[in-house]
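Notes for the one structure printed next.
Note that this is a predicted model, so its numbers are computed, not measured. These numbers come from the heavy atoms of this one structure, side chains and all, not from hydrogens, waters or symmetry mates.
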Amino acid sequence: MVKKVAVITGGSSGIGLATAACFHAHGYKVYSLSRSAGALTEINHIPCDVSSEEQIQAAIDKVLKEEGQIDVCVANAGFGISGSLEGTKEQDALRQIDINFHGALRLSQAALPALRESKGRLIAVSSVAGTIPIPYQALYSASKAALQSAFLALDNEIRGAGVRALTVLPGDTA
């Protein structure tokens, strides 16, 4: 039996690490695409910064070369900055949107051909803050709202090919 393959960005800590562990526990071969390796030795780590289209494509190509398929791809990499909107520096705002939103789009574009082949799932980790904006985290909330909107549209674009684009909306976690 062929083992299913899951790819997770930001899988070295937090929600990403817990997601990687869950997929592994359910029998998946798991690849974490992140800037640093996580604590779980059973998770395959590929160094990758989601701000780089080239690094994402190289990581997806490596997984496909090694496994021949991708069944689930989770766009989890992201971060939050706190502070007033008026006090946020432009470079911080741009980085927030780039990682949380554009990073997921880059991953989607790289992984969708393989997901069409497997009729797989593309999952974005958004946030309840994308639906209920948080004061002093306006850009985080905006990036997660944009992610939800884009994935709702993407799901309608790709559903006919047997692929689904989904979002999950966790709240605060330990």
Residue pairs involving residues 155-174 (criterion salt bridge (charged side-chain N to carboxylate O under 4.0 Å, His left out); sequence neighbours excluded): Asp155-Arg159, Asp155-Arg164
Show every donor-acceptor pair shorter than 3.5 Å between a side-chain atom in residues 103-110 and any protein atom, with sequence neighbours excluded, or say none if there are none.
unit_1 : atom_1 : unit_2 : atom_2 : d
Arg106 : NH1    : Val50  : O      : 2.9
Arg106 : NH1    : Asp98  : OD1    : 3.1
Arg106 : NH2    : Asp98  : OD1    : 2.5
Ser108 : OG     : Ala104 : O      : 2.8

Worked verdict on Gln148 versus Thr167 for side-chain hydrogen bond (donor to acceptor under 3.5 Å, both in side chains): CA-CA 6 Å; Gln148 290 172 33; Thr167 56; 5.7 Å; no
From CZ (Arg35) to CD (Gln55), nearest 0.5 Å: 10.5 Å
Residue list, ring pair (Phe, Tyr, Trp, His ring centres under 6.0 Å) with Tyr31, at least two apart or on another chain: none
Exercise: identify the closest heavy-atom pair between Ala145 and Gly130: CB-O, 3.3 Å
Partner set under side chain to side chain contact (heavy atoms under 4.5 Å, CB included) for Val168, not counting sequence neighbours: Ile123, Val125, Pro170
Contact summary for Leu33 and Ala59, nearest pair of heavy atoms: CD2-CB, 3.5 Å
Flag for Gln57-Asp61: side-chain donor and acceptor within less than 3.5 Å: yes
Less than 3.5 Å apart, which donor and acceptor atoms pair up between the side chains of residues 17-28 and the rest of the protein, not counting sequence neighbours?
unit_1 : atom_1 : unit_2 : atom_2 : d
Thr19  : OG1    : Ile15  : O      : 2.7
His26  : ND1    : Cys22  : O      : 2.9

Counterpart residues, ring pair (Phe, Tyr, Trp, His ring centres under 6.0 Å), relative to Tyr140 (two or more places apart): none
Pairwise side-chain contact, Val72 with Leu115, heavy-atom cut-off 4.5 Å (strictly under): no
Evaluation steps, side-chain hydrogen bond (donor to acceptor under 3.5 Å, both in side chains), between Ser34 and His45: CA-CA 7 Å; Ser34 57; His45 177 253; 3.3 Å; yes
Donor-acceptor pair, side chain of Ser141 and main chain of Ile134, under 3.5 angstrom: yes
